[in-house]
Amino acid sequence: MARFTTLYSGSSGNCAVVEESGRCLLVDMGKSCRLTQNALKELGLTPQSLDGILITHEHSDHIGGLAIFLKHHPIPLYGSAATLQYLAEHRLIPEHTRLVDIDGRTEAVGGFQVQSFETSHDSVACRGYRITTPSGKVVSIATDLGFVSDEVLANLLLSDVVALEANYDEQMLLLGPYPRMLKQRIASRRGHLSNDESAQTLVRLMINGCKKFMLCHISQENNTPELALESVRVALLRAGLVPGEGCMVQAARRHEVSPVIEF
């Protein structure tokens with residue numbers, strides 16, 4: 001049995017874990033080394049359980065805890081060449097960290113097989129990941145993207161678990177306190193995914209057989225978990241699907257470990 005969850009998720013920090021048979025991968029590490037270690041411990045895992053850390057992009061809410069963690073636990077770091085180069089050049093990771101460019105191929109990371117795919121975001125590069133566990137189960141993760149491209153959709157299809165961004169509610173963003181330029185950036189095709197866009201994508205995936213989902217990177221200022229889940233419920237009803245029938249959708253928690261999805 002494989003397990004997936006987030007250790008924390010949102011604009012203040014992001015980290016997800018995929019585990020099977022006591023071995024695991026982390027995707028991003030946006031909060032402190034201590035907090036991340038405590039979250040792993042809550043799941044019965046340790047830094048020694050890790051086969052690698054996958055990095056989506058260089059923004060601080062995804063790499064903020066890396067430097068200290070890697071100083072104490074020299075684990076291989078995987079990501080796009082541009083992201084890894086940025087981290088090294090800006091001294092955001094220890095000098096002798098093992099860096100593995102994972103673009104354009106499937107990479108064996110411990111017993112896991114990892115395929116990266118491009119997502120549209122205003123960073124030097126941004127990647128999602130399709131991870132196959134040693135037993136052949138698949139979890140796909142796509143956060144920080146302004147739209148769902150054909151490449152993204154193809155990598156989410158037929159996954160046992162999909163973790164997809166549902167960053168903002170359109171009305172909350174429109175009426176909220178952010179300056180106009182920041183609102184435009186968030187809503188752009190190199191920004192973030194809205195609740196409605198995320199919900200429409202989930203419907204397409206459900207129709208094609210995906211059953212388990214986690215909504216991630218939910219904005220504290222421009223969204224709520226309840227609004228994100230309601231968008232999914234409405235989209236399902238409009239598509240003639242019954243919410244909760246044969247599928248599971250949950251919202252990731254901001255500051256704590258989310259309920260584990262087994263698959």
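Atom set for the values below is all heavy atoms of this structure, side chains included, hydrogens, waters and symmetry mates excluded.
When atom types are taken as modelled, the side chain of D169 and the backbone of Q171 share a donor-acceptor pair closer than 3.5 angstrom. Without hydrogens or angle criteria, E20 side chain to S135 main chain gives a donor-acceptor distance under 3.5 Å. Remark: the backbone N or O of G146 is not paired with any side-chain donor or acceptor of H192 at under 3.5 angstrom. No donor-acceptor pair closer than 3.5 Å links the side chain of S231 to the backbone N or O of N195. Counting only distance, with no hydrogens or angles, the side chain of S49 and the backbone of L45 share no donor-acceptor pair below 3.5 Å. Between the side chain of T143 and the backbone N or O of E165, no donor-acceptor pair lies under 3.5 Å. K183 places a side-chain N or O within donor-acceptor distance of the main-chain N or O of L174, the cut-off being under 3.5 Å. Using modelled atom types, no side-chain atom of T97 and backbone atom of I93 make a donor-acceptor pair closer than 3.5 Å. The main-chain N or O of L145 is never found under 3.5 Å from a side-chain atom of S120 such that the two would form a donor-acceptor pair. For Q85 (side chain) and A82 (main-chain N/O), no donor-acceptor pair under 3.5 Å exists by modelled atom type.
Residue L157 is grouped with residue L164 when hydrophobic side chains (ILVMFWY) are merged at heavy-atom distances under 4.5 angstrom, including chains of intermediate members. If you chain together hydrophobic residues whose side chains sit under 4.5 Å apart, L54 and M214 fall into the same group. Cluster annotation: L66 is not connected to V109 through the hydrophobic network of ILVMFWY side chains, with a link wherever side-chain heavy atoms come within less than 4.5 Å. Note on M29 and L43: same hydrophobic cluster, where clusters join Ile, Leu, Val, Met, Phe, Trp and Tyr whose side-chain heavy atoms are under 4.5 Å apart, directly or indirectly. One hydrophobic cluster, built from ILVMFWY side chains closer than 4.5 Å, holds both F263 and V27.
Across every non-hydrogen atom of L241 and M206, the tightest pair is CD1-CB, 4.5 Å. For the pair D51 and I75, the tightest heavy-atom approach, listed with the atom from each and the gap, is C-CG2, 4.3 Å. In this structure, M172 and N222 approach most closely via the heavy-atom pair CB-O, 3.5 Å. When all heavy atoms of I218 and A252 are compared, the closest pair comes out as CD1-O, 4.3 Å. The heavy-atom pair separating S116 from G104 by the smallest distance is OG-N, 4.3 Å. Nearest approach of F4 to A163, heavy atoms of both residues: CZ-CB, 3.7 Å.
Here CG of D28 is found 9.5 Å from CD1 of I53. Values are rounded to the nearest 0.5 Å. Considering OG of S11 and CD of Q220, their distance stands at 6.5 Å, rounded to 0.5 Å. In this structure, OG on S149 lies 8.5 Å from CZ on F117, to the nearest 0.5 angstrom. Taken to the nearest 0.5 Å, the CD1 atom of I141 stands 12.0 Å off from the OG1 atom of T119. Atoms CG and CG, from L70 and L92 in turn, are 11.0 Å apart once rounded to the nearest 0.5 Å. With rounding to the nearest 0.5 Å, the separation of OG1 in T201 from CG in D196 is 10.5 Å.
A donor-acceptor contact closer than 3.5 angstrom is absent between the side chains of S219 and N167. Between the side chains of R254 and S9, not a single donor N or O lies within less than 3.5 Å of an accepting N or O. Side-chain polar atoms of Q113 and T106 form no donor-acceptor pair below 3.5 angstrom. For Y129 and T56, the side-chain atoms include no donor-acceptor pair closer than 3.5 Å. Under the 3.5 Å distance criterion, with hydrogens and angles disregarded, a donor-acceptor pair is assigned to the side chains of Y178 and E221.
A 4.5 Å side-chain heavy-atom check between L215 and L202 finds at least one atom pair inside the cut-off. Looking at heavy atoms from C-beta onward, V100 lies in side-chain contact with R98 at the 4.5 angstrom threshold. F213 is not listed as a side-chain neighbour of M248, based on a closest heavy-atom distance of 4.5 Å or more. Contact check for E197 versus V148: no side-chain heavy atoms found under the 4.5 Å cut-off. By the 4.5 Å heavy-atom criterion applied to side chains, F112 and T133 are counted as neighbours. Counting heavy atoms from C-beta on, the side chains of T5 and I261 never come closer than 4.5 Å. Residues Q250 and P259 have side chains in contact (heavy-atom distance under 4.5 Å, counting atoms from C-beta outward).
With a 6.0 Å radius and a threshold of 12 heavy atoms from other residues, nucleotides or ligands, R190 has its CZ atom above the threshold. Heavy-atom neighbours of E245 CD from other residues, nucleotides or ligands within 6.0 Å: at or below the threshold of 12. No more than 12 heavy-atom neighbours from other residues, nucleotides or ligands sit within 6.0 angstrom of CZ on R180.
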Derivation and outcome, side-chain contact (heavy atoms from CB on, under 4.5 Å), residues K137 and T132: CA-CA 5 Å; K137 299 294 186 179; T132 304; over 6 Å; no
Full working for side-chain contact (heavy atoms from CB on, under 4.5 Å) between C216 and T6: CA-CA 8 Å; C216 298; T6 55; 4.1 Å; yes
Worked verdict on L35 versus Y8 for side-chain contact (heavy atoms from CB on, under 4.5 Å): CA-CA 10 Å; L35 190 152; Y8 41 83; 3.3 Å; yes
Residues L26, L7; criterion side-chain contact (heavy atoms from CB on, under 4.5 Å); working and verdict: CA-CA 9 Å; L26 288 186; L7 305 187; 4.2 Å; yes
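Between H62 and H217, the ring centre distance stays below 6.0 Å.
Using a 30° and 60° split on the angle between ring planes, F69 and H73 fall in the tilted class, from 30° to 60°.
Residues E262 and R3 are not paired through a salt bridge, judged by the lack of any N-O separation under 4.0 Å between the basic side chain and the carboxylate. At a threshold of 4.0 Å, the pair D61-K31 does not count as salt-bridged, since none of the basic side-chain nitrogens sits closer than that to a carboxylate oxygen. Checked for salt-bridge contact, D160 and K212 miss the test: no charged N lies under 4.0 Å from a carboxylate O.
Screening T83, D103, D144 against R127 for a side chain to side chain donor-acceptor pair (under 3.5 Å) leaves a single residue, D103.
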